[in-house]
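None of these values were measured; they are calculated from a predicted model. The chains referred to below are lettered A, B, ... by the order of the sequence lines, with proteins before strands, and numbering in each begins at 1.
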Protein chains: 2
Amino acid sequence: MLDVAERAGVSKASVSRFIGDDRALLSDATALRIEQAIDQLGYRPNQMARGLKRGRTRLIGMLVADIRNPYSIAVMHGVETACRKHGYSLVVCNTDRDDEQERQHLAALRAYNIEGLIVNTLGHHLDQLLELQQEMPMVLVDRKVDALHSDLVGLDNRVAVSMALDHLEQKGYRDLLLISEAADGTSSRLERMDSFKAQIERRKALRGAVLEIGPDLHARVQAFLDADTAGPKALFCANGIATLACTAVLRELGCALFEDIGLIALDDLDWYPLVGSGITALAQPTDAIGASAFDCLLQRLRGDSEPARTLDFLPQLIVRGSTQSLHK
Amino acid sequence: MLDVAERAGVSKASVSRFIGDDRALLSDATALRIEQAIDQLGYRPNQMARGLKRGRTRLIGMLVADIRNPYSIAVMHGVETACRKHGYSLVVCNTDRDDEQERQHLAALRAYNIEGLIVNTLGHHLDQLLELQQEMPMVLVDRKVDALHSDLVGLDNRVAVSMALDHLEQKGYRDLLLISEAADGTSSRLERMDSFKAQIERRKALRGAVLEIGPDLHARVQAFLDADTAGPKALFCANGIATLACTAVLRELGCALFEDIGLIALDDLDWYPLVGSGITALAQPTDAIGASAFDCLLQRLRGDSEPARTLDFLPQLIVRGSTQSLHK
DNA sequence: CTGTTAGCGCATTCAA
DNA sequence: TTGAATGCGCTAACAG
């Protein structure tokens, strides 16, 4: 910086003003000289030092529960795009579903003076999160954390379940099994399970049960298939992991995919068209969700202090073969 | 920090020593008092300030060409795990295969004073990369950049191709088609294509051609299937994207997966067992590759200045139905 | 073993 | 409109 100042024949302060948004305070002549000096020297301001001084690091943190879940990646991609567009950089921390790692990462993010935090984990370590919430805006993605009164952006799970049931019912399926990952407190999983149960209650044409993935998945699905019931059967997989596990089990059980049984999945993965006759899916608008999460943060950073908002997005139904077998 | 020092009745310097690795220089008594003060005040050292002073930010950067490629994610996971183990944090930058974004990200990474860089892109913007290479250690993953004389960690593509051809030949396939993404300069793609051509030359039992993915993929694959040849046909997909595209095309063409044609894939994705009779794959040890990339960086950071190394890992063959149809 | 001093690179008063 | 001085939170000499 000193080099630039000397070469431009000005003081460090002027260079600083040029770098920042105070360019209005500079005469055109000096601004030009500074610009040239910067170009010639290839000078880049040190963000660490800027952050240290101003408290603005232009860094956003994102805490992700499982980076190998395609949903997380997709959302992260949306967030990252939005960040770059506004001059922010994103620090992603993957907890691998491990509480201790969540703790470590939270500490690290604070140490690096991030300006805002996007959270997509279970939010154990409430104490740390609450402290962080005092210091910076925070937005929850997909998973609500009750004690955290932050903005929340995710899927309208009630509507999603409703769309799935409408579709299955219309296609002639009558006996349903919702497959979810273990209800470990993840709000979106709970909402999907609860909505499912509630709506099954109200829809007289349908029967339904809920099953969590576990070592007995194979046996339980087999039992479902063997059970004698009045109507055609279908699985409703609550996310990508569940879909992968169920499809594997169905293959092991020797099912013809998908003539013996219907299947609808929440989230749409790129390989769904390739399995059996293709897997019908409810796609989440992950890019929009990610971008929206960043926007929330940005508004808060700009001083918005409205009460916490909840942004619920709607899924899009993509019909493939796995819900068409009864119409052949 | 001053608060901590006062509460412990010592100077900031002692607190600093406690924070750093100089704990040996402190008496047990003061160390204890400092520790207590830190606990009571919930003090966290500011990494920005530490970085500013020491030049050690404990930050590693990673430039990824395509975050939606499962291979990249898997390697990134390995890197991140290794980072955390050694107290480093990882800043991931996704270029989305876009050169302009590569430029921006490179500038940002430098501004944040990262200590080392892991590169998994095409490495256009050589000038920037060369400058960065002067300032910090760098390691290339999967893709070589000729002008960059850095450590390189990736797959032994020659051996991988050889393993694939051995397997296909042994299973009775004779007419092969290698499908790759466009040869845009990505070294691993080129190596796979070149090895394939070279080895096909030498293996008299086999015939083979190379095809790059493009709008005409459908037609070209159809032509391959229709062509009259002496022996059973198989596709060799050079990565996950190619596998996805090819499988989709085969379905459109009405092939029975995989009785009409064999298939072997480089990289192993979680859905491969579910498609048709299952896709035979050569799995890359992505965790090891990621961890190894970080280790290279760490050694360089610790002063190792040996000439650049190349670490070639070996894939693991996972046999599924897509190469078994001839043995039914 | 511990405290004092002097910056790291920059943004912001306050004068000029 | 610009420059000089001060300090962000911390580490590294150097004394003691």
Asks: What is the distance, to the nearest angstrom, from the CZ atom on Arg50(A) to the C1' atom on dC8(C)?
Replies: 16 Å
Asks: Whole angstrom is fine here: how far is it from CD1 in Ile38(A) over to C1' in dC10(C)?
Replies: 13 Å
Asks: Would you mind classifying the nucleic acid contact of Leu52(B) as base, sugar-phosphate or nothing, using non-hydrogen atoms under 4.0 angstrom?
Replies: base
Asks: OP1, OP2 of dC10(D) versus side-chain N and O of Tyr43(B): anything below 4.0 Å?
Replies: yes
Asks: Determine the contact category for Ser16(B): base if any of its heavy atoms lies under 4.0 Å from a base atom, sugar-phosphate if only primed atoms, P, OP1 or OP2 are that close, otherwise nothing.
Replies: base
Asks: Please state how far atom CG in Asn46(A) lies from atom P in dC8(D), giving the value in whole angstrom units.
Replies: 18 Å
Asks: Any donor-acceptor pair under 3.5 Å joining the side chain of Lys53(A) to the base of dG9(C)?
Replies: no
Asks: Mind calculating the distance between CD (Glu115(B)) and P (dC8(C)) to the nearest angstrom?
Replies: 19 Å
Asks: Rounded to whole angstroms, how far apart are CG on Asn113(A) and P on dC10(D)?
Replies: 9 Å
Asks: Could you give the CD1-to-P distance, from Ile19(A) to dA11(C), as a whole number of Å?
Replies: 6 Å
Asks: Going through the distances and angles, do Asp96(B) and His77(A) end up as a side-chain hydrogen bond (donor to acceptor under 3.5 Å, both in side chains)?
Replies: CA-CA 9 Å; Asp96(B) 260 342; His77(A) 183 259; 2.7 Å; yes
Asks: Is atom CZ of Arg44(B) surrounded by more than 12 heavy atoms (other residues, nucleotides or ligands) closer than 6.0 Å?
Replies: no
Asks: Taking the minimum atom-to-atom distance to the side chain of Met1(A), which one of dC10(C), dA11(C), dA4(D) wins?
Replies: dC10(C)
Asks: Of the options dT2(D), dA11(C), dC10(D), whose atoms approach the side-chain atoms of Arg54(A) most closely?
Replies: dA11(C)
Asks: Taking atom types as modelled, find out whether Ser188(B) and Asp142(B) have a side-chain donor-acceptor pair closer than 3.5 angstrom.
Replies: yes
Asks: Mind listing the residues from residues 2-14 of chain A sitting with a heavy atom below 4.0 Å of DNA chain C? Number order is fine.
Replies: Lys12(A), Ala13(A)
Asks: Does a donor on one side chain sit under 3.5 Å from an acceptor on the other, for Glu100(B) and His124(B)?
Replies: no
Asks: For Ala49(A) and Asp28(A), take the nucleotide of DNA chain D holding the closest heavy atom to each; which residue's nucleotide lies nearer the 5' end?
Replies: Asp28(A)
Asks: Might you point out which heavy atoms bring Leu311(B) and Ser292(B) nearest each other, and give the distance in Å?
Replies: CD1-OG, 3.1 Å
Asks: Taking CG from Leu25(A) and P from dA11(C), how many angstroms apart are they, rounded to a whole number?
Replies: 14 Å
Asks: Expressed in angstrom and rounded to an integer, what is the separation of Arg58(B) atom CZ from dC10(D) atom P?
Replies: 16 Å
Asks: Assign Phe18(B) to base, sugar-phosphate, or nothing according to its heavy-atom contacts below 4.0 angstrom with the strands shown.
Replies: nothing
Asks: Count the heavy atoms of every other residue, nucleotide or ligand shown that sit under 6.0 Å from CG of Asp184(B), and state whether that count exceeds 12.
Replies: yes
Asks: Arg84(A) and Gln101(B): side-chain donor and acceptor closer than 3.5 Å?
Replies: yes
Asks: Spell out yes or no: do the side chain of Arg17(A) and the base of dG3(D) have one donor N/O and one acceptor N/O closer than 3.5 Å?
Replies: yes
Asks: Using a cut-off of less than 4.0 Å, is there contact between a side-chain N or O of Thr30(A) and OP1 or OP2 of dT2(D)?
Replies: yes
Asks: With no hydrogens and no angle check, just 3.5 Å: does a side-chain donor-acceptor pair link Gln47(A) and Thr57(A)?
Replies: no
